[in-house]
Enquirer: 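Have a look at the structure that comes next, please.
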Amino acid sequence: MSYSAVKPEELEFCAEEELILVIPNCSVPGKYVHGILERYGPVEPHRAVEVPVWLALQLHKRNRARILLPDWLTSSSLERAIEEERSSPDSFSQQPYYFMELAC
């Protein structure tokens, strides 16, 4: 049996299930959320809600929400990670599993 490496597209697909905070610009009435948003709601204007990355991107494309930068992706957090790696060159700093897919 041969094993092949996971393709970058497959990793990106999996990463889109990670949860991220968005601030919606509008509310979504209950009758329109059959199955998808009811798992992540309530979706109300100007109230942060956690949704999967794929949904956050769709809402953002339609100007329905603003995506909030994850804490681990802020400049201060990344600077700390760089310092950590410089002080310990034999190891990497701890990052989320889909760091590369979500940061790019």
Side-chain angles (χ1 to χ4, degrees):
M1 180 188 318
S2 67
Y3 293 98
S4 61
V6 178
K7 296 177 183 168
E9 297 85 15
E10 294 169 332
L11 289 172
E12 287 176 17
F13 179 78
C14 292
E16 288 181 349
E17 287 299 321
E18 291 292 306
L19 297 178
I20 191 167
L21 279 174
V22 298
I23 298 183
N25 299 333
C26 60
S27 62
V28 179
K31 63 183 178 181
Y32 296 109
V33 296
H34 301 295
I36 295 176
L37 288 178
E38 62 191 17
R39 286 180 27 196
Y40 306 106
V43 177
E44 299 172 354
H46 313 293
R47 296 188 75 156
V49 62
E50 257 189 348
V51 297
V53 170
W54 65 267
L55 182 55
L57 292 172
Q58 290 301 314
L59 292 170
H60 179 72
K61 283 181 189 176
R62 290 172 173 75
N63 292 323
R64 300 284 189 233
R66 183 169 52 96
I67 298 173
L68 296 179
L69 193 63
D71 290 337
W72 56 267
L73 200 49
T74 62
S75 59
S76 60
S77 178
L78 293 174
E79 287 171 3
R80 277 194 305 275
I82 290 170
E83 285 305 314
E84 200 176 299
E85 290 180 8
R86 283 185 181 150
S87 66
S88 180
D90 297 335
S91 64
F92 293 109
S93 61
Q94 189 70 21
Q95 297 299 328
Y97 188 78
Y98 293 111
F99 173 80
M100 292 297 292
E101 292 79 12
L102 295 174
C104 293

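Heavy-atom basis, side chains included; hydrogens, waters and symmetry copies ignored. FYI, the numbering just counts along the sequence from 1.
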Enquirer: Looking at every non-hydrogen atom in both residues, tell me the closest pair between Glu84 and Ser87 and how far apart they are.
Expert: O-OG, 3.0 Å
Enquirer: Using the rule given for salt bridge (Lys or Arg N to Asp or Glu O under 4.0 Å), can you reason through Glu83 versus Arg80, listing the C-alpha separation, both sets of side-chain angles and the distance that settles it, and then say yes or no?
Expert: CA-CA 5 Å; Glu83 285 305 314; Arg80 277 194 305 275; over 6 Å; no
Enquirer: What pairs with Phe99 under ring pair (Phe, Tyr, Trp, His ring centres under 6.0 Å), at least two apart in sequence or on another chain?
Expert: Trp72
Enquirer: Closest heavy-atom contact between Arg47 and Pro24?
Expert: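 Minimum heavy-atom separation between Arg47 and Pro24: O-CD, 3.2 Å.
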Enquirer: List, by chain and then residue number, the residues other than Leu21 in its hydrophobic cluster (Ile/Leu/Val/Met/Phe/Trp/Tyr, side-chain heavy atoms under 4.5 Å); write none if there are no others.
Expert: Ile23, Leu68
Enquirer: Leu102 and Phe92: same hydrophobic cluster, using ILVMFWY side-chain contacts below 4.5 Å?
Expert: no
Enquirer: When you measure from the side chain of Asn25 to the backbone of Asn63, do you find a donor-acceptor pair of N or O atoms at a distance under 3.5 Å?
Expert: yes
Enquirer: With a 4.5 Å cut-off on side-chain heavy-atom distances among I, L, V, M, F, W and Y, is there a chain of contacts connecting Val6 to Tyr98?
Expert: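 Same cluster.
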Enquirer: So Leu19 and Pro52, do their side chains get closer than 4.5 Å, heavy atoms only?
Expert: yes
Enquirer: Are Met100 and Tyr97 linked, directly or through other ILVMFWY residues, by side chains that come within less than 4.5 angstrom of each other?
Expert: yes
Enquirer: Is Leu57 reachable from Leu69 through a run of I, L, V, M, F, W or Y residues, each pair having side-chain heavy atoms under 4.5 Å apart?
Expert: yes
Enquirer: According to salt bridge (charged side-chain N to carboxylate O under 4.0 Å, His left out), does anything in residues 6-18 pair up with another residue at least two apart or in another chain? List the pairs.
Expert: none
Enquirer: Counting only N and O atoms by type, is there a donor-acceptor contact under 3.5 Å from the side chain of Ser88 to the main-chain atoms of Glu85?
Expert: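 Between the backbone of Glu85 and the side chain of Ser88 there is no qualifying donor-acceptor contact (under 3.5 Å).
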Enquirer: To check you understand the geometry: which heavy-atom pair defines the closest contact between Leu73 and Leu78, and what is its length?
Expert: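 Heavy-atom minimum between the residues: O-CD1, 3.7 Å.
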Enquirer: Specify the closest pair of heavy atoms between Ser77 and Asp71, including all atoms of both residues, with the distance to one decimal.
Expert: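 Heavy-atom minimum between the residues: CB-O, 3.3 Å.
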Enquirer: Heavy atoms only: give me the nearest Ala56-Ile67 pair and the separation to one decimal.
Expert: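 Heavy atoms only, the tightest pair is O-CD1, 3.8 Å.
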